[in-house]
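First comes the structure, then the notes that go with it.
Numbering of ligands and ligand atoms starts at 1, following listing order. No hydrogens, no waters, no symmetry mates; every other heavy atom, side chains included, goes into these values. Nothing fancy with the numbering, it's 1 onward along the sequence.
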Amino acid sequence: MYRMGQEELDEVRKVIEAKKLFMVGDPASGHQQEAARFEKEWAEKVGTDYCLLLSGGGTAALLCALAALGIGPGDEVIVPSYTFMASATAVLEAGAIPVIADVDETCLLDPEDVERKIGPNVKAIIPVHMVGMPCDMDRIMAIARKHDLKVIEDSCQCDGGGYKGKRTGSIGDIGAYSFNDYKILSCGEGGGFVTNDRTLYERAMVFSDSGAAFRPYAKDLTITPFLGFQFRPTELQGAILRVQLTRLEGILADLRRVKARIMGELEGAPGVRFMPSNDLEGDCGVICGFQFDAPEPAIAFSKVEGVDAWRPLDSAKHVYHTWDPIIEKRVGHHPDVNPYNHPKNQGLRTTVTRDMLPKSLDILGRTVFVALDPDWTDAKVTEVISACRNAAKSAAQTAEKEAART
Ligand SMILES: *Cc1c(COP(=O)(O)O)cnc(C)c1O
């Protein structure tokens, strides 16, 4: 997805030539403050007061969010049934229990099921903006406020995306981003944590910097430091991401242009029904979603020629029924740090079975995502449109055959 080139090489070269790779250093000695500058620039871009760049990826950002909020044993956190497993594993790493809720027709967290799943031990909700698509944040925030719950937006697949004029990740109490190799922006591995809350920021900073031993502003802390992990980024990550950031709007504009053209030209075509969206303007355009009444036409459509298409149901590690370590409660390096064994977690909703959320499996099984590319030429988009038109026809024929058979 991401674009990368000479500009990143030039900036990385400068960091290496200055021989200042550690994130803390004196500008007077030639240290370029790349990581710290990226943190400031990313906070500005998404519209929050604070940002931390983390070497541990989006997973570290989620763990820092949970740690900042003081979530741990005895707590439940609601996560969606369709997300990369890290959204749920971060909850377990914090010692708490993930409670999995359904997705709705948008393939994103279903606010109605969130409300049904709220119980006395739920402390937070993690809406996940999957494949560049924003969740229904208005309803999720209203539910959270009504029940006094915290919201951690997992915007790892939605770097720079929007929802009703705001950037995803800036709407809840904390936002998490990923800059790994599969995301809209990349520095190989990296994560972003954002918030407007000074205390949450300081707690996350302390937690991610082995007790705030190194960050230069540790002296300004208003909280008492405590020991945590070590997720400091390198200057190389900061240098690459600062260039990546200059490419963001171009990537998003190109993806959105491709998606708008595909949707515009296929609207009303036989067999075509687009997946609903919570905000098409904010949608990053990473994919175009097509929906069907049954799995068979979706499977037929997913065989579309020359196009990268798949049912979300078939994406490994992204649907709860494939989360073997969670289903089998294999967590942690020692039985006593396995949250499923923790005394405070006994009596929480720890059981995950593969068939527990049939509504999610149904929706994810009759939806097809077509991957889009910001660098497609107009001629390539024309080809994709024509391939999708044919695939929709074949899906419609399959649906008719199924109807005749049953
Ligand atoms: C990629 C991803 C993560 C984790 O990010 P890493 O950088 O790989 O740690 C978390 N949640 C979602 C939805 C993701 O796609």
Side-chain angles (χ1 to χ4, degrees), residues 1-2 35 38 42 46 51-67 77-94 98 100-101 103 106-109 124-135 137 140 151-161 163 167-169 171-172 174-194 204 207-208 229-234 236-238 240-241 244 278 283-284 286-287 289 310 312-320 322-323 325-326 360 364 369 371:
M1 182 71 50
Y2 60 88
F38 175 74
W42 187 254
V46 302
C51 170
L52 291 168
L53 174 60
L54 302 162
S55 60
T59 310
L62 290 168
L63 181 56
C64 287
L66 293 154
V77 177
I78 295 177
V79 302
S81 56
Y82 172 57
T83 178
F84 179 55
M85 191 165 60
S87 316
T89 62
V91 174
L92 290 163
E93 282 175 54
I100 305 169
V103 292
T106 63
C107 294
L108 304 168
L109 186 59
I125 308 169
I126 304 185
V128 185
H129 309 297
M130 289 297 284
V131 280
M133 309 182 297
C135 293
M137 289 308 293
I140 291 167
V151 174
I152 301 167
E153 289 177 80
D154 180 338
S155 194
C156 288
Q157 296 194 9
C158 201
D159 296 334
Y163 174 78
R167 298 277 179 173
T168 56
I171 301 160
I174 297 174
Y177 305 90
S178 170
F179 308 116
N180 85 16
D181 217 47
Y182 299 98
K183 314 297 169 148
I184 294 172
L185 301 184
S186 176
C187 61
E189 297 278 9
F193 165 106
V194 297
F207 181 79
S208 64
F229 285 85
Q230 201 294 75
F231 296 136
R232 283 186 309 275
T234 74
L236 296 172
Q237 288 169 303
I240 295 171
L241 284 172
Q244 287 278 293
N278 293 308
D283 183 304
C284 297
V286 172
I287 58 115
W310 72 98
L313 184 67
D314 300 327
S315 31
K317 294 197 181 80
H318 287 72
V319 183
Y320 80 95
T322 66
W323 297 346
I326 294 180
S360 294
L364 298 169
F369 293 165

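The backbone N or O of Gly191 lies less than 3.5 Å from no partner atom in the side chain of Ser178, so there is not a single donor-acceptor pair. Between the Ser81 side chain and the Ser360 main chain, no donor and acceptor come within less than 3.5 Å of each other. Listed for the Glu153 side chain is a donor-acceptor partner under 3.5 Å among the backbone atoms of Gly172.
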- Query: Passes ring-ring contact (aromatic ring centres under 6.0 Å, His included), Phe179 versus Phe38? Steps please.
  - Reply: CA-CA 12 Å; Phe179 308 116; Phe38 175 74; 5.6 Å; yes
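Listed by chain and number, the residues in a ring-ring contact (aromatic ring centres under 6.0 Å, His included) with Phe207 are Phe229 (sequence neighbours excluded).
Ring planes of Trp42 and Tyr177: perpendicular class, angle over 60° (limits at 30 and 60°).
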Identify all N/O pairs between ligand 1 and the protein with a separation under 3.5 Å and present them as a table of atom names and distances.
from: ligand 1; atom 1: 5 (O); to: Gly58; atom 2: N; distance (Å): 3.4
from: ligand 1; atom 1: 5 (O); to: Ser178; atom 2: OG; distance (Å): 3.4
from: ligand 1; atom 1: 7 (O); to: Gly58; atom 2: N; distance (Å): 2.8
from: ligand 1; atom 1: 7 (O); to: Ser178; atom 2: OG; distance (Å): 2.7
from: ligand 1; atom 1: 8 (O); to: Asn180; atom 2: ND2; distance (Å): 2.9
from: ligand 1; atom 1: 9 (O); to: Gly58; atom 2: N; distance (Å): 3.1
from: ligand 1; atom 1: 9 (O); to: Thr59; atom 2: N; distance (Å): 2.9
from: ligand 1; atom 1: 9 (O); to: Thr59; atom 2: OG1; distance (Å): 2.6
from: ligand 1; atom 1: 11 (N); to: Asp154; atom 2: OD1; distance (Å): 3.3
from: ligand 1; atom 1: 11 (N); to: Asp154; atom 2: OD2; distance (Å): 2.8
from: ligand 1; atom 1: 15 (O); to: Gln157; atom 2: NE2; distance (Å): 2.8
from: ligand 1; atom 1: 15 (O); to: Lys183; atom 2: NZ; distance (Å): 2.6

